Amino acid sequence: MQFNNKNIIDKLTEGEFLNHEEWMILLGELSDDDQSYLHEKAAEVARMHFGNGIFVRALLEISSYCRNNCYYCGIRCGNKNAQRYRLSKEEILECCKEGNILGFNTFVLQGGEDPHQTDEWIVDIVKSIRQAYPDKAITLSVGERSHEAYLAFKEAGANRFLLRHETRNDDHYLQLHPSSMSAEKRRDCLMTLKHLGFQTGSGMMIGSPGQTDEYLYEDIRFLEHLQPEMIGIGPFIPASNTPFENCSAGSAEKTTLIISLLRLRFPKALIPATTALSSLCHNGMEQAILAGANVVMPNISPAEQRKKYSIYNNKKSTGAESAQQMQQLEERLNAIGYHINYDRGDYNTFY
Ligand code: SAH
């Protein structure tokens with residue numbers, strides 16, 4: 001017999017502290033009925049803070065070169081079949097120009113840790129965007145860098161930084177990354193970003209090889225410690241020519257479960273409906289929003305490069321995932337009772 005666990009969901013909704021046992025029940029033992037209840041509560045909390053508007057961010061994938069060799073990632077340096085490109089300053093500014101015309105107020109620059117895109121180069125890019133668009137938010141997602149580099153990015157005008165912690169558990173981290181990388185180093189970077197005053201995003205994949213509910217519990221505890229302004233949650237999806245190419249993908253159901261739990265635990269956080277979830281199932285975006293997500297990040301990279309940023313197989317960059325298809329995005333949001341909100345959407349700015 002399955003117990004009714006709505007009382008635990010109610011406690012979480014009320015902001016009460018949950019113990020380990022309660023979290024483990026939420027992570028692994030909810031009935032379908034309880035899960036629907038959880039999603040409803042989470043979407044309600046999101047609407048309470050953000051209304052029915054969904055923030056949009058223009059996503060530029062600035063390089064598919066990477067010096068790291070993460071086992072899950074399609075653009076790891078060890079993948080000799082990966083197609084490589086890097087955007088020039090001119091191309092990036094061109095994308096921003098288009099993003100501006102399309103109405104975006106946040107630019108997200110994401111990429112592999114490309115040795116050619118040095119700290120100085122990033123600073124120059126940020127300064128140029130800042131100069132051209134004094135009022136827009138600039139988000140960076142360019143991996144692990146030094147304290148000095150993060151400080152220089154901040155002073156150049158970057159407002160936000162995305163760096164998923166990937167997994168809080170050190171053993172699990174070593175199952176996902178070569179030993180040259182460390183979970184602690186990544187956490188240090190996150191703490192630095194927070195201290196420098198970046199709106200900081202973290203998060204993890206759902207269903208990555210070796211992941212357990214206990215590890216997810218540790219992830220949630222870590223996020224409680226970090227207090228991120230943004231939380232990115234998407235399913236693991238295998239990428240060809242990586243050590244995990246034959247592993248199975250994470251589930252959409254577990255992904256939306258975690259989105260809802262995090263929405264209730266971090267009511268004001270900016271939580272995207274990730275491209276990974278949309279790539280896994282055709283209505284992934286809607287599912288995420290109805291589970292409490294409140295951001296989408298349409299791709300604005302040059303069309304000919306998009307398919308090369310192949311961090312996992314069959315990654316979507318068309319339709320509602322494309323910045324050139326905002327009408328389609330609006331229609332899909334309208335169909336579930338939501339609409340695009342073109343505001344900057346900083347943390348703590350509520351409508
Ligand atoms: N180099 C940057 C950006 C990485 S890409 C950084 O280190 O932050 C952004 C995120 O995509 C990663 O943090 C990872 O969680 C996710 N990702 C990478 N490979 C993936 C895969 N195979 N399936 C799903 N998500 C993946």
Side-chain angles (χ1 to χ4, degrees), residues 57 59-79 82 84 86 108-117 122 139-145 149-150 153 160-168 172-173 175-178 180-183 185-190 192-193 198 200-211 219 223 228 230-252 254-255 258 272-281 284 297 299 301 306 308-317:
R57 323 304 197 184
L59 176 66
L60 286 82
E61 293 162 338
I62 61 173
S63 177
S64 68
Y65 286 90
C66 192
R67 65 191 173 95
N68 290 328
N69 217 7
C70 310
Y71 300 147
Y72 45 84
C73 186
I75 62 166
R76 66 201 300 269
C77 67
N79 183 357
R84 309 290 177 178
R86 61 174 64 95
V108 180
L109 276 57
Q110 182 164 82
E113 290 186 22
D114 181 347
H116 280 78
Q117 294 182 340
I122 303 261
T139 306
L140 296 176
S141 182
V142 292
E144 298 174 20
R145 308 254 172 171
Y150 287 150
F153 298 164
R160 310 179 188 148
F161 204 104
L162 305 176
L163 185 78
R164 291 187 178 174
H165 69 282
E166 310 297 359
T167 176
R168 168 61 184 83
H172 188 219
Y173 196 90
Q175 283 178 263
L176 302 179
H177 304 91
S180 53
M181 298 176 75
S182 94
K185 169 131 189 279
R186 207 148 173 101
R187 291 196 298 271
D188 284 348
C189 287
L190 281 163
T192 301
L193 291 163
F198 279 99
T200 304
S202 194
M204 61 277 181
M205 294 176 283
I206 304 303
S208 58
Q211 187 179 61
D219 288 327
L223 293 172
M230 302 167 282
I231 308 176
I233 298 295
F236 159 76
I237 300 176
S240 299
N241 305 302
T242 64
F244 293 159
E245 66 178 345
N246 295 318
C247 296
S248 37
S251 83
K254 189 85 175 195
T255 303
I258 304 294
T274 52
T275 306
L277 187 56
S278 292
S279 303
L280 190 69
C281 55
M297 299 168 62
N299 196 314
S301 311
R306 278 185 206 175
K308 298 184 195 164
Y309 196 79
S310 185
I311 55 177
Y312 46 81
N313 296 342
N314 305 315
K315 179 166 156 285
K316 254 194 108 108
S317 59

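Read the numbers this way: they start at 1 and go in the same order the structure lists the ligands and their atoms. Note that the coordinates shown come from a computational prediction; the quantities given were computed from them, not determined experimentally. Scope of the values below: all heavy atoms of this structure, side chains included, with no hydrogens, waters or symmetry mates.
Contacts between Glu144 and ligand 1, counted as non-hydrogen atom pairs separated by less than 4.0 Å, are absent for every part of the residue. Here Pro235 has backbone heavy atoms under 4.0 Å from ligand 1, and that is the only part of it that gets that close.
Residue contacts with ligand 1 leave out Phe161, since none of its heavy atoms falls under 4.0 Å from the ligand. Heavy atoms of Gly203 stay at 4.0 angstrom or farther from ligand 1.
Within ligand 1, the atoms closer than 4.0 Å to a non-hydrogen atom of Gly111 are 1 (N), 2 (C), 3 (C), numbered from 1 in the order shown. Ligand 1 places these atoms under 4.0 Å from at least one heavy atom of Tyr309: 5 (S). The atoms of ligand 1 that sit less than 4.0 Å from any heavy atom of Arg164 are 13 (O), 14 (C), 15 (O), 16 (C). Close contacts of ligand 1 with Cys73, meaning ligand atoms under 4.0 Å from a residue heavy atom, involve 19 (N). Of all atoms in ligand 1, numbered sequentially from 1 with element shown, those under 4.0 Å from a heavy atom of Arg186 are 6 (C), 7 (O), 8 (O). Against a heavy-atom cut-off of under 4.0 Å, Leu163 is close to the following atoms of ligand 1: 8 (O).
With 3.5 Å as the limit, one finds a donor-acceptor pair spanning the side chains of Ser240 and Asn313.
Expressed to the nearest 0.5 Å, how far NZ of Lys254 lies from CD1 of Ile206 amounts to 8.0 Å. Here the straight-line distance linking atom CD1 of Ile311 with atom OG1 of Thr242 works out to 11.5 Å at 0.5 Å rounding. To the nearest 0.5 Å, atom CG of residue Leu162 and atom CZ of residue Arg57 are 9.0 Å apart. Interatomic distance, Leu190 CG to Leu223 CG, rounded to the nearest 0.5 Å: 9.5 Å. In this structure, CD on Glu166 lies 9.0 Å from SG on Cys73, to the nearest 0.5 angstrom.
Of all protein heavy atoms, the one lying nearest to atom 9 (C) of ligand 1 is Gln110 NE2, 3.7 Å. The shortest contact between atom 25 (N) of ligand 1 and any protein heavy atom is with Met205 SD, 3.4 Å. The protein non-hydrogen atom at the shortest distance from atom 19 (N) of ligand 1 is Tyr72 CD1, 3.3 Å. Given atom 22 (N) of ligand 1, the protein heavy atom at minimum distance is Ile237 O, 2.7 Å. For atom 12 (C) of ligand 1, the closest heavy atom belonging to the protein is Glu166 OE2, 3.4 Å. Remark: minimum distance from atom 11 (O) of ligand 1 to any protein heavy atom is reached at Ile311 CD1, 3.6 Å.
Gln175 is not listed as a side-chain neighbour of Pro209, based on a closest heavy-atom distance of 4.5 Å or more.
Ring geometry, Phe161 versus Phe153: the interplanar angle falls under 30°, so the pair is classed parallel (tilted spans 30 to 60°).
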